[in-house]
Q: 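First the structure, which I've put down as structure tokens, then a few questions once you've had a look.
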Amino acid sequence: MKCREAQYWLYSFQPNAAWPADVVGHLQGCAECQQVQAHLRKIDHEVNRLTSLPHGEAPKEQLLKRVALTPQDSLPKDVLPKTPWPWLRYGTYLSGAAALIVIGWLMGEFSKRPLGEPIEKIRTEFVDVVRERIITVQSHADRSLVALLLKRNSRLVQTSQVKDRVETLLDMADDCRQHALTLIEQGPRDQLPLTIDLYSHLLRDGVVVQLAQAPMEQRPALQTAVRVRVEKMAAPAAAGSPTLPRVVAEQCDALQNAGKATLDLVDRLENGEAPVKPQKWQRVENAAPALALVQFAITFASEGDAVAKADACANSVKQLMPFMMLYLAEDSIQERGEMGQQFGEMIQFGVYKPLEVAAAQEPAPPVMVEAERVFENAGKALLEIEKNWQQAPDAAKVGLERALDATWQGWQKSKGKGPPALRNPLVNPEKKTPGKGKGSKDQKRSGLDDRDPSERLTRTLQDSKMPARHGRAKDAVTFTVSVSNAAQKRGQDASTKRR
Amino acid sequence: MRDNVGSPDELNWVRQAAQGDQQAFARLVDAYWEKVRRWLYGLTGKQHMAEDVAQDTFLKAWIALPKLREVATFRVWLFQIARRCWLDARRRSGLYKKLPLPVDVAGNQPGPLSNLIDGETEEQLQIALAQLPSKFRAAYLLWTQEELPYSEIAAIFGVSEETARWRVCKARQSLVQALTPYMQYRDQ
């Protein structure tokens, strides 16, 4: 049982109520829930104490005197529900119901689907909606941090010098620090520990590891630059800040200590002590977007093996995908075009580029098999963007289009040099769907009618023997085929009508 | 948790009071005065206002008692009247702003826990309680002071049981959220 389930009982029911055995068992073993229970008990007790006054008898006696003078037979109007004009209320209800019926009918008329629309598409759309709802809701502040980290990542993947990489990682750390300070000052503070953790990782596993990996001749200048910036970040907060609750004050200390620990590591590096090893990230399902972006940055900067780098970056992209799809489809995000571009660049340079490098080195067969697997996974990411792009309303397509275009460039470059098993079906012209025509208007807009990645990837995925765990990709394939069929059918219907 | 139906004595008092027996009604006042007043005090934050509204409540209950069909539902019915009187009083006085409870309240049963919570925590609790939406506060106070079951709280507010449970749950969550830093500090 999870804490959340146990706390449902804690918050909603009296302690002496008959709680299920698994809740009781959880409470016995969970210190956090025990603490919540203790706090609730104290609060309830204190509320009861505050509202229990020593009361005099005078008001009661006064009441009884008034009772003695008041007959029971007449009932004041305000005790009973006030219904001066019952017909008016019923009339209002009826008008409201009629208005709802009319609105429902109008909505039905305007949203009628064209005849022949495959039921498959409706089902897939529904599946998408349900899947997207499981994404953690992010606050506005969290979204700002994600937007910043995304921007930094797109810059990081295009850097070639260690100095630039270190600068970008320091920028990312500073973004996290600023975000943490904002959370401390304004709240909500539930993401504060994670943000401080990210800040700490960026400094230790990002910046210090880069210093350790830098060529010896560049190190002194880099160390000086890093020291100057980290000293600024590790400086104590300005005086005059309000007194904080203890837990928050502890988080402030943790934030400051992360900077000091980094300075210590830089000192040790200068003294020639053992270099810092980058941390191996444990893969988690449903990682927070900010965490996925930091993992991407650190792995991209520090991982030397091209296939391992592509694999880890593809995993981060997979974690980010639901959030990005939702984010890019929102009407209120002004800069979604740029963000789509940045996300596409992360895939292009973080996944496809290392694969291209690995393939060019003509690695051993086991490495090639691993590269094929990564290539296939990255293809699914591309397919997912494509699928969401097809479903998105026109206004929301710009970000997805730019993500597709940027990703496409990486895919295009790596396909000729990529693993042979995937290369052949993609470049073979005979594999093109016969009778496809010129493509739909939307396809023309993104320039996908003549290159059509989804179709090629569809064939790739169909041709390769996919294990059962790739069911989601199979759904995507079914969806893409059904959309193509529907588009063809709509084209035929339109030409028949014209005649 | 209290029983849903009153004691046999209480049912008899309700029946007798409904027939005009003032002694029986006085016993009902004895039994329920403190509960109603305490709840109203938690809602209004003013002792005099709570007593005035409590008087109004019992007077209206006395007048309307002959029309009460189910004597077993007296408690719910009484709190329904109290709620309506509180809403009327609030409307009349324009007392929409949320007042915290006064600090210098003497507790009836000072226990060891109350000694643990210092003045700052108490002040924060009062502020947090006053800042709760009135619907949440009203449901929570009935739940914690009177230990009413959700079915009765739901009947008093004319909502579903699930809504009543949700209001209590949200109220407690808000209080814990607001007070956890101070509680943790006290725990040390």
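Numbered from 1 within each chain, the chains take letters A, B, ... in sequence-line order.
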Q: With rounding to the nearest 0.5 angstrom, report the CG to CD distance, A/Asp44 to B/Glu147.
A: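 Rounded to the nearest 0.5 Å, the CG-CD separation comes out at 9.5 Å.
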Q: Taking C-beta and beyond as the side chain, do B/Phe58 and A/Leu64 meet within less than 4.5 Å on heavy atoms?
A: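 No, side chains not in contact.
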Q: At a heavy-atom distance under 4.5 Å, which candidate from B/Asp52, B/Asp56, B/Val176 has the highest pair count against chain A?
A: B/Val176
Q: Just to be sure I understand the criterion: a residue of residues 16-26 of chain B counts if one of its heavy atoms is under 4.5 Å from a heavy atom of chain A. Which ones qualify?
A: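 From residues 16-26 of chain B, the residues near chain A are B/Ala17, B/Ala18, B/Gln19, B/Gly20, B/Gln22, B/Phe25, B/Ala26.
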Q: Once you round to the nearest 0.5 Å, how far does CG of A/Asn48 lie from OG1 of B/Thr144?
A: 4.0 Å
Q: So for atom CD, which belongs to B/Gln177, do other residues, nucleotides or ligands contribute more than 12 heavy atoms lying within a distance under 6.0 Å?
A: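 No, because the 6.0 Å sphere around CD of B/Gln177 holds 12 heavy atoms or fewer from other groups.
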Q: Is any side-chain heavy atom of A/Val47 closer than 4.5 Å to a side-chain heavy atom of B/Tyr140?
A: yes
Q: Find out whether A/Ser12 and B/Tyr150 are in side-chain contact, i.e. whether some heavy atom of one side chain is under 4.5 Å from a heavy atom of the other.
A: yes
Q: Considering all heavy atoms of both residues, which atom of B/Leu59 and which atom of A/Arg66 are nearest to each other, and what is their separation?
A: CD2-NH2, 3.3 Å
Q: Heavy atoms, side chains only, cut-off 4.5 Å: are A/Phe13 and B/Arg165 in contact?
A: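 Heavy-atom side-chain distance check passes, below 4.5 Å.
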Q: Just by modelled atom types, is the A/Ile43 backbone N or O under 3.5 Å from a matching donor or acceptor in the B/Arg172 side chain?
A: no
Q: Is there side-chain contact between A/Tyr11 and B/Leu175, with heavy atoms separated by less than 4.5 Å?
A: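 With C-beta onward as the side chain, the pair stays apart.
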Q: Grab the two heavy atoms, one from B/Gln55 and one from A/Leu63, that are nearest each other, plus how far apart they are.
A: O-CD1, 3.4 Å
Q: Does B/Trp33 reach the main-chain N or O of A/Lys60 with its side chain, forming a donor-acceptor pair under 3.5 Å?
A: no
